[in-house]
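Just so it is clear, the model here is predicted, and its values are computed rather than measured. For the numbers below, each heavy atom of this structure counts, side chains included, while hydrogens, waters and symmetry mates do not.
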Protein chains: 4
Amino acid sequence: MSSELIDDEGELVSPATGRPLTKRGEATRRRLLEAAEVVFAEQGYHEASIVKITERAGVGLGTFYLYFDSKQSIFEALVIDLNRRVRHAMSEAMADAGSRLDAERAGFAGFFRFTAEHPALYRVVREAEFVSPEVLRLHYTRIVDGYEAGLRAAQRAGDVDPELDPATTAWALMGMGELIGMRFLLWERDADGRPPAAMDPAVFDAMSRFIDNALAPRTQEPTQKDEKG
Amino acid sequence: MSSELIDDEGELVSPATGRPLTKRGEATRRRLLEAAEVVFAEQGYHEASIVKITERAGVGLGTFYLYFDSKQSIFEALVIDLNRRVRHAMSEAMADAGSRLDAERAGFAGFFRFTAEHPALYRVVREAEFVSPEVLRLHYTRIVDGYEAGLRAAQRAGDVDPELDPATTAWALMGMGELIGMRFLLWERDADGRPPAAMDPAVFDAMSRFIDNALAPRTQEPTQKDEKG
Amino acid sequence: MSSELIDDEGELVSPATGRPLTKRGEATRRRLLEAAEVVFAEQGYHEASIVKITERAGVGLGTFYLYFDSKQSIFEALVIDLNRRVRHAMSEAMADAGSRLDAERAGFAGFFRFTAEHPALYRVVREAEFVSPEVLRLHYTRIVDGYEAGLRAAQRAGDVDPELDPATTAWALMGMGELIGMRFLLWERDADGRPPAAMDPAVFDAMSRFIDNALAPRTQEPTQKDEKG
Amino acid sequence: MSSELIDDEGELVSPATGRPLTKRGEATRRRLLEAAEVVFAEQGYHEASIVKITERAGVGLGTFYLYFDSKQSIFEALVIDLNRRVRHAMSEAMADAGSRLDAERAGFAGFFRFTAEHPALYRVVREAEFVSPEVLRLHYTRIVDGYEAGLRAAQRAGDVDPELDPATTAWALMGMGELIGMRFLLWERDADGRPPAAMDPAVFDAMSRFIDNALAPRTQEPTQKDEKG
DNA sequence: AATGAATGAGAATTCATTCAT
DNA sequence: GATGAATGAATTCTCATTCAT
């Protein structure tokens, strides 16, 4: 998987004037986006408000509308931004993996690391389902497409069970990773009630065994469906 | 996995009067809950409104507060209700499975069947994350607990890789099933743009192979981690 | 001209619920309409605000939306109400006029009397041109239709120049009356800067002579159009 | 009626600097005024915005405040400009009229012609009543003063009923012309839904008869006012 | 047990105007 | 002269909840 950075907008333009952004404008836009990440993550979409975002960004309320059309539009921009960043983190992590399966594992490790550092990812992305279903699909699809390409390559290399359907498997892995991350990173609290800095290695290893089992080519075809006969 | 039906409320009482519900009262409560299922599923939590629910239930607005404390409280009641029903559907499906692994498969089949028939499940349950995180945890946990118990039993019976951690694996399966359901049931549309009545068997089989691989005891320990050596 | 009261709405319904109004509801609606008349007249459409209207009506802000869809919709209702009332005032005034021309004069007198008592008429109705052009047309048309019918009858009775086109003449009369009312009633101020209680009789007489000239059948056809020949 | 052009501003100065305008400055100011005419006419005062005006004028937003104090001030400047132009059009039209009454007719013709060519006149001028009542009075008064002077001259020449009060009559004529113009020019649409290029001659003739009747000296005093005795 | 009129806190959004460049 | 980013007061409208009937 290449580590290309997919840029979602060619050139940023002001929704108010339709003109491309100046240097100053781009900086303001970024501050708004950063503020939005915090506010949406802490309060959720509906509790969040434009004033809260602009206050946190340190700009006037009206300024918001110079850069975004609406609350929903900054939310979407944020999801796309997070998606780009998480995929970037995953690619980086996979960059120097030895084998295909190692790469897969490294990708998950990168994903969990990013999640631990940016809990906003879950909170924001999962809420997108109810705010902007299309961007949510985009988000999942972009990640899953990466998995799928990786799986196909691994199958060609003989590292992955050739009988597995890459698409279904990719979605399975995505769902697995997402829920494991939710359960063992976001829900987890240490003795002091604070979130863990990273995924518990024991859990990661357990998950790895699950994945390895699932993906590895069968050494001998079991007679599974008739196993009781 | 036992097919116990967890009843979440001992005796229903009116939040307004604190008195137990009459027959007529119980019927009204149920109508409200049914209306809520439709309205929440169609419009989402925030778009939904009490008036829409009472109108659909065919009762006066004020009546609502005879049975529920608030919008959030009927939502939570609905999530718990759906959880009870989906677990029931899964238990039923697993009831006459041959082997442990068959039961696992049957459980997923039951889950998908329920999902196809009650799309509200996803829409409502997943939104619970942002409305009532505690009930969402309850929902996931209750289902996962079932998986976990099943896995332990299967491990004891030698049907499942004894090296797998049951808890992690259960969450992995839950996430996998959830995302496969979302992608291949809820997002899927046929030529006429209508949702499929059931999960595509090919996808189900592909997923089954993935699960079988993951869970089956290894016939011989692969040297995977050292495969480059 | 008959003195029928044109009722513009069969049965009043709540825009929020679509249900017919109760006694209490109708009273509240009326209070809002009365408040709106004062507020729109004093401040104009754009300076007026829903809060100002509800405060003056002594009801909560939200109550407004039980009876009207929007600021524009109460404005339209008010124009229609004023139209009904001014036409009623005119009909009453014309009721016991001796001749056709007397009736015409009496109609204007009634119009000016209503205007003096309800300056809101002008302020609100004329502003309708920029808020709701359709209701403005309705307003003018309804009054002009009355004039026109009166003129036709008078022509048949031989009281009005048969060569005059009733439609054009009716609009001419409407415009005349409107501007005379504006100039000599609404703009007029006495020594203390207060608006006059009624139209100056001298002006009314001057206007009457103008109308009498315009409408009366010519005793002999002047050679006016050919006067240069 | 003389054809003097009343110039409302001696020398144009920048409201920002207080300095007289350069050639280039005057051109920019004029472009803004022309843009304002279109924008105010199309959208009305409140829908119009400074940005829309500057965009149409092709200048930067800030430039606006080099030439006008405020939205209201450019609006007022526009009304005064339109008033000057419509009076000019009327004077031109009356220039070579034969008789006094012909001149009166010609004046109306000129007014209607200008209206047909510049629908902005009505839209802008009539809205002035709610934006800047003083300029509206100025507008009406300046036109009416012209009528009144014409009427007095015509009375001295024996062309107009000496019993008519010139002031009242002038306002009556103004109102009449205004409403006829509104009804038969601005509201009128042909089969294709497009506004007519000019006033329907039949309507104009009908109106002329009305005016002729109203103004012409009575050949014999009718017994109208005593008709009931 | 049922009803629905009344409420008001709260949120999104617009735009005339300023001012540093 | 010209520009356009920044501002925030002000407005409309929604809806969960209360309570008198």
Side-chain angles (χ1 to χ4, degrees), chain A residues 14 16-17 19 21-25 27-29 46-52 54 58-72, chain B residues 14 16-17 19 21-22 24-25 27-28 46-54 58-73, chain C residues 14 16-17 19 21-25 27-29 46-52 54 58-72, chain D residues 14 16-17 19 21-22 24-25 27-28 46-55 58-72:
Chain A
S14 161
T17 65
R19 265 192 292 256
L21 261 39
T22 61
K23 268 270 139 54
R24 187 185 177 193
T28 308
R29 195 191 119 101
H46 286 95
E47 280 308 297
S49 77
I50 308 227
V51 206
K52 286 173 186 163
T54 53
V59 302
L61 168 55
T63 304
F64 177 90
Y65 291 92
L66 252 28
Y67 299 98
F68 298 97
D69 271 334
S70 61
K71 186 177 165 183
Q72 173 159 342
Chain B
S14 161
T17 65
R19 272 194 300 241
L21 261 40
T22 63
R24 185 182 172 196
T28 307
H46 286 95
E47 281 306 297
S49 74
I50 309 276
V51 208
K52 285 173 189 163
I53 294 173
T54 52
V59 303
L61 166 57
T63 305
F64 177 90
Y65 291 90
L66 256 27
Y67 298 98
F68 298 96
D69 270 335
S70 62
K71 186 179 174 182
Q72 175 160 341
S73 106
Chain C
S14 162
T17 65
R19 265 191 291 258
L21 262 40
T22 62
K23 268 272 138 57
R24 188 182 175 196
T28 308
R29 195 191 119 102
H46 287 93
E47 281 308 297
S49 78
I50 308 223
V51 206
K52 285 174 188 165
T54 52
V59 302
L61 168 56
T63 305
F64 177 90
Y65 292 91
L66 253 29
Y67 299 98
F68 298 96
D69 273 333
S70 62
K71 185 177 165 184
Q72 174 160 341
Chain D
S14 163
T17 65
R19 271 195 301 240
L21 262 41
T22 63
R24 185 184 173 196
T28 307
H46 287 95
E47 281 307 294
S49 74
I50 309 276
V51 207
K52 285 174 189 164
I53 293 173
T54 53
E55 268 172 3
V59 303
L61 167 56
T63 306
F64 177 90
Y65 290 92
L66 257 26
Y67 298 97
F68 298 97
D69 271 333
S70 63
K71 186 179 174 183
Q72 176 161 340

Atom pair NZ/NE2 of D:K71 and D:H46 - distance to nearest 0.5 Å: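 If I round to the nearest 0.5 Å, the distance is 6.0 Å.
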Runs of at least three Watson-Crick or G-U pairs with DNA chain F, cut-off 3.5 Å: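 Ordered by first number, the stems with DNA chain F (at least 3 consecutive pairs each) read E:2-21 with F:2-21.
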Mind checking [X] for me? I need base, sugar-phosphate or nothing, with any heavy atom below 4.0 Å counting as a touch.
{"X": "A:T63", "answer": "base"}
{"X": "B:V59", "answer": "sugar-phosphate"}
{"X": "B:G60", "answer": "sugar-phosphate"}
{"X": "B:F68", "answer": "nothing"}
{"X": "C:A48", "answer": "sugar-phosphate"}

Position toward the 5' end of DNA chain E (nearest nucleotide), A:E47 or C:G62: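 Its nucleotide being nearer the 5' end, the pick is C:G62.
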Most 5' of B:F64 and A:Q72 on DNA chain E, judged by nearest nucleotide: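 Whichever sits nearer the 5' end wins; that is B:F64.
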Where A:R29 and A:F68 come nearest, the two heavy atoms and their spacing: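 Looks like NH1-CE2, 3.4 Å.
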Minimum-distance nucleotide to C:R24 side chain [options: F:dT7, F:dA16, E:dA5]: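 The nucleotide sitting nearest to the side chain is E:dA5.
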Round to the nearest Å and state the distance from [X] atom [atom1] to [N] atom [atom2].
{"X": "C:K71", "N": "F:dC13", "atom1": "NZ", "atom2": "P", "answer": "9 Å"}
{"X": "B:D69", "N": "F:dT17", "atom1": "CG", "atom2": "C1'", "answer": "11 Å"}
{"X": "D:E55", "N": "F:dA2", "atom1": "CD", "atom2": "P", "answer": "17 Å"}
{"X": "A:L61", "N": "F:dA5", "atom1": "CG", "atom2": "P", "answer": "17 Å"}
{"X": "C:I50", "N": "E:dA6", "atom1": "CD1", "atom2": "C1'", "answer": "16 Å"}
{"X": "A:H46", "N": "F:dA16", "atom1": "NE2", "atom2": "P", "answer": "12 Å"}
{"X": "B:L66", "N": "E:dT3", "atom1": "CG", "atom2": "C1'", "answer": "10 Å"}

Respond yes when some side-chain nitrogen or oxygen of [X] is under 4.0 Å from OP1 or OP2 of [N], and no when none is.
{"X": "C:Y65", "N": "F:dC15", "result": "no"}
{"X": "A:T28", "N": "F:dA6", "result": "yes"}
{"X": "A:Y67", "N": "F:dA5", "result": "no"}

